[in-house]
Protein chains: 2
Amino acid sequence: MIPGKFAITLHILTLLTKSPDEFLSSEYIAGSMNINPVLVRKEIGNLKKHNVVESREGKFGGTRLAKPAAAISLEDIFNMTFNSVSLGYSKNDPNPDCPVGKKINENLDVLYKSINTKICKQLKDISLLQFTSNF
Amino acid sequence: MIPGKFAITLHILTLLTKSPDEFLSSEYIAGSMNINPVLVRKEIGNLKKHNVVESREGKFGGTRLAKPAAAISLEDIFNMTFNSVSLGYSKNDPNPDCPVGKKINENLDVLYKSINTKICKQLKDISLLQFTSNF
DNA sequence: ATTTTTGTAATATATTTTATTACAGTAATG
DNA sequence: CATTACTGTAATAAAATATATTACAAAAAT
């Protein structure tokens, strides 16, 4: 998973919220966060897939929100950009002949799933509109 | 931050919990998780710094818990191995001339801090002993 | 003395992220 | 209807990060 995905997506959506109904170009958006426009377009592609934004191609093209910022929760954004929160796994497959190695990952999974559930619950109550009200 | 740090450390501590009072070698531990012994020794160094384990050098040396597994919480381990949970930041510094770019990171910080607080509260109630009881 | 282990530094390899380049397709506008 | 300014997407390059490896001094058991 791309570490910056959630942050970049939220940044994009904040800009779109702050310019309602305007079509912003990927280059303009990229300029606000100092990253490459192609990366912005990729994340916008993801947002479009989830019907959160809509784009117009061609001259004066760009992207805008497809629904009110009040109707988008941070949980929605989280689910679109994050597989799940985790505190990590060891890179290699553990030794299956070791009683601990054999079960460590499933036990981590249980733990991480429960963390995840709580985070989702927390993010569900924050709308994009609310988040952007601090700018 | 090293992604596998928490998982590796928890794996080490689980092994130590399952062999109370025995000094386990870094090579044995590394074998259970299929990683390099040097990486294990590094994480053990971190655990020693926090007085969670103690090591003995020389022949038949190794590491064991320095206190009962019931007295170690997953929050303790989390705090030793994770700076803080976050949903990520965009890699580059955002544009300070953009009202959104200027404030995005502090707003993300607020969000992530609140997520973090809840996770810590959750982890505080799980002891290492409890976690290892599922093996 | 020899062996086995920790502790630690330095370096190399692998992996993952991000950036860049390139270009076809679309739509507005003179 | 040519030109301009965009999107969409693929392919590749570069940078950053994580992990592995090598090496060796120091410690302790026998």
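Note that the structure is a prediction, hence the values are computed from the model and not measured. In what follows, chains carry the letters A, B, and so on, assigned in the order in which the sequence lines appear, proteins first and then strands, with residues in each chain numbered from 1.
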Would you list the atom pairs, donor with acceptor, under 3.5 Å between side chains in residues 28-40 of chain A and any protein atom, with sequence neighbours excluded?
residue: A/S32; atom: OG; partner: A/H11; partner atom: NE2; Å: 2.8
residue: A/N34; atom: ND2; partner: B/D93; partner atom: O; Å: 3.0
residue: A/N36; atom: OD1; partner: A/V38; partner atom: N; Å: 3.0

Sequence neighbours left out, what pairs pass salt bridge (Lys or Arg N to Asp or Glu O under 4.0 Å) with at least one residue falling in [range]?
| range | result |
| --- | --- |
| residues 115-135 of chain A | none |
| residues 58-73 of chain A | A/E54-A/R64 |
| residues 32-44 of chain A | A/K5-A/E43 |

Testing the 3.5 Å rule here: is there a donor-acceptor pair between the side chains of B/D109 and B/Y89? yes
Go through [range] and report each residue with a non-hydrogen atom lying under 4.0 Å from DNA chain C, sorted by number.
| range | result |
| --- | --- |
| residues 91-107 of chain A | none |
| residues 6-27 of chain A | none |
| residues 42-52 of chain A | none |

For A/F131, give me all partners under ring-ring contact (aromatic ring centres under 6.0 Å, His included), at least two apart in sequence or on another chain. A/F135
Could I get the full list of side-chain hydrogen bond (donor to acceptor under 3.5 Å, both in side chains) partners for A/S73, not counting sequence neighbours? A/D76
With sequence neighbours excluded, residues passing side-chain hydrogen bond (donor to acceptor under 3.5 Å, both in side chains) with B/N95: none
For nucleotides 21-23 of chain C, which of its nitrogen or oxygen atoms have a protein nitrogen or oxygen under 3.5 Å away, and what is each distance?
none

Per the under-4.0 Å heavy-atom filter, residues of residues 53-69 of chain B near DNA chain D come out as B/E57, B/G58, B/K59, B/F60
Closest approach of B/L108 and B/G88, non-hydrogen atoms and distance? CD1-O, 4.2 Å
Can you check whether B/L129's main-chain N or O pairs, donor with acceptor, with B/T132's side chain at less than 3.5 Å? yes
